[in-house]
Amino acid sequence: MPQQTNDLTLHSSLRDPRANFLATSTQSMPIAGMLFWAIVAVAALRLNPNQLSLLVLFGSGTIFPLGVLIDRLTQRRFTVASAANPVTQMFMQSLGLVALTWPLVILAARHAHDANLIVLGGAILMGIIWIPYGWAADDPVGLKHAIGRGLLGYVAFVYVPSPYKATGISCVVLLAYLYSLLRMKPPPKDVTGR
């Protein structure tokens with residue numbers, strides 16, 4: 001019986017930090033991610049696989065600043081969650097874990113002589129961050145996004161013909177973003193004023 005009380009205490013103690021995290025979240029980052037992966041999908045039809053892999057590697061760093069720009073253009077003031085918030089700390093540390101895995105993807109692509117592995121790796125690694133996002137925002141869409149994006153990304157890599165493999169993976173990511181934008185929890189109305 002004491003365990004149930006501890007679980008309830010833990011849940012109620014997470015309520016406020018999660019609410020703070022969700023209140024500082026916007027849909028601008030998923031929109032920025034969607035724009036990036038739409039560019040990758042189209043570029044995959046024009047660029048050779050090595051050029052495309054460089055676009056994915058270096059271009060993925062543009063998603064955050066593009067999200068901030070979208071917030072500014074839509075008149076929503078960009079707000080950073082409190083650094084004292086343990087939920088925010090966990091989310092930020094998760095970004096570091098994703099970054100640490102990028103070299104593995106690069107090494108695998110070099111070893112396999114297949115630049116499309118960079119596209120697949122980018123799609124999956126950038127999708128993994130949806131798991132801690134979903135936990136931090138107390139929103140099941142995060143886990144669903146990451147699992148669906150990962151599994152369907154593998155399917156596209158295996159079954160889409162070579163010249164369209166990167167475009168197929170990019171389309172999977174775009175579908176995952178679309179699903180998430182339609183289903184993710186909005187920030188509380190008392191914070192956004194909407």
Side-chain angles (χ1 to χ4, degrees), residues 18 21 24-25 28-41 43-44 47-68 80-81 83 85-160 162 165-181 184:
R18 281 177 156 175
F21 181 86
T24 58
S25 298
S28 65
M29 293 302 164
I31 292 169
M34 248 180 127
L35 290 172
F36 171 74
W37 282 100
I39 290 168
V40 171
L47 301 177
N48 70 48
N50 289 330
Q51 293 169 328
L52 187 67
S53 68
L54 291 173
L55 173 66
V56 171
L57 275 172
F58 297 109
S60 62
T62 64
I63 294 173
F64 179 79
L66 183 57
V68 173
V80 177
N85 183 342
V87 171
T88 302
Q89 290 174 7
M90 184 276 309
F91 179 75
M92 297 308 287
Q93 289 173 7
S94 298
L95 288 173
L97 291 173
V98 169
L100 284 172
T101 314
W102 263 111
L104 178 63
V105 171
I106 296 166
L107 291 171
R110 282 188 74 183
H111 182 71
H113 302 290
D114 188 351
N116 283 318
L117 280 171
I118 299 283
V119 178
L120 175 65
I124 292 171
L125 287 177
M126 288 185 261
I128 287 173
I129 202 59
W130 279 83
I131 297 171
Y133 167 81
W135 181 85
D138 196 21
D139 190 348
V141 78
L143 185 60
K144 292 174 183 177
H145 177 110
I147 291 172
R149 179 172 167 166
L151 292 176
L152 292 174
Y154 287 124
V155 168
F157 182 81
V158 171
Y159 292 108
V160 173
S162 283
K165 199 172 290 285
T167 299
I169 294 166
S170 300
C171 288
V172 163
V173 174
L174 289 169
L175 288 172
Y177 273 122
L178 182 61
Y179 167 80
S180 297
L181 283 169
M184 65 193 294

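Hydrogens, waters and symmetry mates are skipped; everything else that's a heavy atom, side chains included, is used.
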Undergrad: Report yes if the side chains of Leu178 and Met34 come closer than 4.5 Å at any heavy-atom pair, otherwise no.
TA: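 Of all side-chain heavy-atom pairs linking Met34 with Leu178, at least one is under 4.5 Å.
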
Undergrad: Considering all heavy atoms of both residues, which atom of Ser162 and which atom of Asn116 are nearest to each other, and what is their separation?
TA: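 Where Ser162 meets Asn116 most closely, the heavy atoms are O-ND2, 4.3 Å.
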
Undergrad: Test of understanding: with side-chain contact (heavy atoms from CB on, under 4.5 Å), list the residues that count as partners of Thr167, not counting sequence neighbours.
TA: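 With sequence neighbours excluded, Thr167 shows a side-chain contact (heavy atoms from CB on, under 4.5 Å) to Ala41, Ala44, Leu45, Cys171, given in chain and number order.
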
Undergrad: Taking the side chain as everything from C-beta on, heavy atoms only, tell me whether Phe157 gets closer than 4.5 Å to Asp114.
TA: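 Yes, close enough: below the 4.5 Å cut-off.
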
Undergrad: Could you tell me which non-hydrogen atom of Gly33 sits nearest to which non-hydrogen atom of Ile63, and how far apart they are?
TA: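 Nearest pair, atom of Gly33 first, then Ile63: N-CG2, 3.8 Å.
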
Undergrad: Nearest 0.5 angstrom please: Leu117 CG to Leu107 CG, how far?
TA: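 It comes to 11.5 Å.
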
Undergrad: Using side-chain contact (heavy atoms from CB on, under 4.5 Å) as the criterion, list what pairs up with Thr62, not counting sequence neighbours.
TA: Phe36

Undergrad: Give, for atom CG of Leu95 and atom CG of Leu125, the distance between the pair rounded to the nearest 0.5 Å.
TA: 12.0 Å

Undergrad: Applying side chain to side chain donor-acceptor pair (under 3.5 Å), name anything that partners Trp37, two or more places apart in sequence or on another chain.
TA: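 Partners of Trp37 by the side chain to side chain donor-acceptor pair (under 3.5 Å) criterion come out as none, since no residue qualifies.
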
Undergrad: Can you list every pair that meets side-chain hydrogen bond (donor to acceptor under 3.5 Å, both in side chains) and has a residue in residues 123-133, with sequence neighbours left out?
TA: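 Output for this query lists Trp130-His145.
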
Undergrad: Give every donor-acceptor pair under 3.5 Å between a side-chain atom in residues 48-58 and any protein atom, sequence neighbours left out.
TA:
from, atom 1, to, atom 2, distance (Å)
Asn48, OD1, Asn50, N, 2.9
Asn48, OD1, Gln51, N, 2.8
Asn48, ND2, Gln51, OE1, 3.4
Gln51, OE1, Asn48, N, 3.1
Ser53, OG, Asn50, O, 2.7

Undergrad: Which heavy atom of Met90 sits nearest a heavy atom of Ala136, and at what distance?
TA: CE-CB, 4.4 Å

Undergrad: When rounded to the nearest 0.5 angstrom, what distance separates OH in Tyr179 from CE in Met184?
TA: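 One finds 11.5 Å between OH of Tyr179 and CE of Met184.
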
Undergrad: For Tyr154, I'd like to know if atom OH has over 12 heavy atoms of other residues, nucleotides or ligands within 6.0 Å.
TA: no

Undergrad: Can you sort out the partners of Leu66 under side-chain contact (heavy atoms from CB on, under 4.5 Å), two or more places apart, ordered by chain and number?
TA: Ala32, Leu35, Leu69, Ile70

Undergrad: Run the ring pair (Phe, Tyr, Trp, His ring centres under 6.0 Å) test against Phe91 and tell me which residues pass, sequence neighbours left out.
TA: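 So Phe91 forms a ring pair (Phe, Tyr, Trp, His ring centres under 6.0 Å) with Phe21.
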
Undergrad: Taking all atoms of both residues into account, what is the closest heavy-atom pair of Val68 and Met29, and its distance?
TA: N-CE, 4.1 Å

Undergrad: Taking all non-hydrogen atoms of both residues into account, name the closest pair between Val172 and Gly153 and its distance.
TA: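 Of all heavy-atom pairs spanning Val172 and Gly153, the closest is CG1-N, 3.7 Å.
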
Undergrad: With a sphere of 6.0 Å drawn around CE of Met92, does it hold more than 12 non-hydrogen atoms of other residues, nucleotides or ligands?
TA: no

Undergrad: So which heavy atom on Val105 is nearest to which on Gly121, and how close?
TA: CG1-CA, 3.8 Å

Undergrad: Only counting residues at least two apart or in another chain, list the ones meeting side-chain contact (heavy atoms from CB on, under 4.5 Å) with Ile131.
TA: Leu143, Ala146

Undergrad: Just by modelled atom types, is the Ile128 backbone N or O under 3.5 Å from a matching donor or acceptor in the Arg149 side chain?
TA: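 Checking the backbone N and O of Ile128 against the side chain of Arg149, no donor-acceptor pair under 3.5 Å is found.
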
